[in-house]
Amino acid sequence: MREHFEVRDGDAAGRIGELTVPRAGVTVETPALLPVVNPNIVTIEPERMAAEFGAEILITNSYIIKTTDDLEARARERGLHDLLGFDGAIMTDSGSFQLAEYGEIDTTTEEILQFQHDVGSDIGTPVDIPTPPDVSRERAESELRTTQERLELAETVDVGDMLVNAPVQGSTYPDLREEAGAHAAGTDLDVFPVGAVVPLMNDYRYDDMVDVVAAAKRGLTRDCPVHLFGAGHPMMFALAVALGCDLFDSAAYALYARDGRYLTVDGTEHFEDLDYLPCSCPVCTSTTPGELRELGPEEREEELAAHNLHVTFAEIRRIKQAIRDGNLLELVDRRARAHPAMLDGYRALTDHASQLEETDPASKGSFFYLSNESAHRPEVLRHHRRLDRLSPEGDVLLTEGSHSRDYDESWSVVPPFGPFPKALRNTYPLTAELPERLDRDAYEQAARGVARLVEANPDVSFTLAHEDWPDGALGLVPGRVELLNLWGDADGD
Ligand code: GUN
Ligand code: ZN
């Protein structure tokens, strides 16, 4: 058991947890956002991050500090917390990102971990190899072997009570990501970043990002805190949390601000294009786009960065509340409408419904059916699995209408769940609120539920009394089921 991470609450594969960072003497509630502080270009002072934004932890780059003479000297003399002016937890990266960008770096895992330890980092990182997407299998395997050797080396470095990251690589090969996750979980390292996903996110490949993270999670164990390395746009946090990511780092708030870009949970705007500020953070309620335009470039950048950071932290709080309320997937559904690529990400998430179902709570406050994607939620899959454990007998009516004494048993049928004994009707998720105008996916999932029940009970005869289900759905119902259209065949199509 990893004693420094405790899961308190969950929804889908998302969770609220507590990460204890012994060296900092703090416990960080997850999901957590780690603002990136570039020690050479500070847009928002770390002190403000704690006081105004509630940041409990931040991330900086030990390689940049180590290779910048005056920073190195100050870090060694006074320590990282003093250098940055932050007394919460500080995670440090190792230069691996620079390795990926520039092809080489001048340090080793032992040296950089020792340096991170010596300057007082609370969570350090070995020199993993961020293998990009779509490389050859040979390259992905060989670089993963190197990363794994470095994690094993990291286990042998004496870093006191500093926690150590165990990055999970493997490019876009799900089996390699899963193996990498299992290997990392088998080390005595502490935090598990999924690495090299930045190129996927830069290319809006949220579906591939989902597959990569889902694969890594299959290898990791539930007590592993998972960081999504380099993911800082608030639009995708809910999706990543639903997959089981616990930590995010954001350089986006500062990088985008430098470019005059204004973050929202629905995407990114150029502040030059805004006539109104659609946000109620302290920046947006105290200024106007016109006033922002009149500021000098540095002041404007700082105001935009502050807004960007407010939006980012607010989304993390919203996600935590959604986990508490059991409606995280409904938040993901809303965020998926921001961009077609986000919708692909959400659809890829529902491809992993079986994996999400393992941790999804048995009961939640409500289930709002909001889109055809809702038909593929883990609750629907769980209900279908539960049908295997029920034993209908004799002549059984499955009906969307009223029940009948002409049968031995009379069950309800409700899209997207399918059949269930009447006695279960007040149990989650059968209490779901559905729109009147259902989509095909809802009927088809209900038909799959019918098929599952029918196939598990070869000696039972079934009649399905439905309210004019579409042919596509009826085509999924086994031929031996007698069909009764409660609406008649009046429209004759
Ligand atoms: N920052 C963004 N991606 C990565 C990664 O894969 N490894 C490390 N160490 N840092 C990163
Ligand atoms: Zn704002």
Side-chain angles (χ1 to χ4, degrees), residues 33-55 57-65 67-72 74-75 80 82-86 88 90 92-93 97-98 100-102 198-199 201-204 230-237 248-316 338-339:
L33 176 83
L34 292 70
V36 174
V37 176
N38 179 338
N40 282 315
I41 323 167
V42 174
T43 320
I44 294 182
E45 292 294 336
E47 201 181 332
R48 271 186 75 192
M49 292 197 178
E52 287 173 40
F53 300 87
I57 178 168
L58 53 79
I59 180 168
T60 189
N61 194 309
S62 66
Y63 184 72
I64 294 178
I65 295 172
T67 53
T68 310
D69 287 342
D70 65 316
L71 289 178
E72 189 208 4
R74 276 157 60 205
L80 202 51
D82 190 89
L83 176 72
L84 298 182
F86 186 75
I90 300 180
T92 43
D93 204 346
F97 196 66
Q98 284 65 26
E101 292 279 294
Y102 310 116
V198 171
M201 289 182 287
N202 288 345
D203 289 346
Y204 285 75
H233 199 301
M235 175 175 76
M236 45 77 60
F237 288 170
F248 299 91
D249 58 274
S250 175
Y253 78 92
L255 296 176
Y256 284 48
R258 199 157 307 145
D259 254 13
R261 287 188 286 173
Y262 179 99
L263 294 181
T264 79
V265 291
D266 293 316
T268 310
E269 308 280 350
H270 262 280
F271 110 89
E272 295 282 356
D273 299 336
L274 293 177
D275 295 320
Y276 306 94
L277 299 176
C279 169
S280 47
C281 84
V283 175
C284 298
T285 49
S286 64
T287 190
T288 64
E291 286 164 357
L292 274 178
R293 275 190 271 278
E294 275 159 33
L295 292 175
E298 271 166 37
E299 255 183 300
R300 181 166 60 234
E301 181 181 325
E302 186 174 340
E303 292 295 296
L304 280 176
H307 156 80
N308 289 346
L309 208 48
H310 276 297
V311 174
T312 306
F313 275 108
E315 181 68 353
I316 295 283
H339 193 284

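We count residues from 1, following the sequence as given.
Checking side-chain atoms of T312 against main-chain N and O of P234 turns up no donor-acceptor pair under 3.5 Å. Of the possible polar contacts, one joining the D249 side chain to the G230 backbone as a donor-acceptor pair under 3.5 Å is found. Using a distance-only test at 3.5 Å, with no hydrogens or angles considered, a donor-acceptor pair links the side chain of N308 to the main chain of L263.
Between E302 and I44, the shortest heavy-atom distance links the atoms O-CD1, 4.4 Å. The two residues R293 and R300 make their nearest non-hydrogen contact at O-NH1, 3.2 Å. The two atoms that bring C279 and T285 nearest to each other are O-CG2, 4.4 Å, heavy atoms only.
Contact of the Y63 side chain with the D93 side chain is not registered, since no non-hydrogen atoms from C-beta on lie closer than 4.5 Å. Under the 4.5 Å side-chain criterion, counting only non-hydrogen atoms from C-beta, R261 is in contact with H270.
Aromatic ring pairs are classed by plane angle as parallel below 30°, tilted from 30° to 60° and perpendicular above 60°; the pair Y256 and H233 is perpendicular.
At most 12 heavy atoms of other shown residues, nucleotides or ligands fall within 6.0 angstrom of atom CD in E298. When the shell of 6.0 Å around CD of E291 is examined, it contains more than 12 heavy atoms from other residues, nucleotides or ligands.
Each of F53, F271, Y262, Y253 was checked for a ring pair (Phe, Tyr, Trp, His ring centres under 6.0 Å) with H307, and the lone residue meeting it is Y262.
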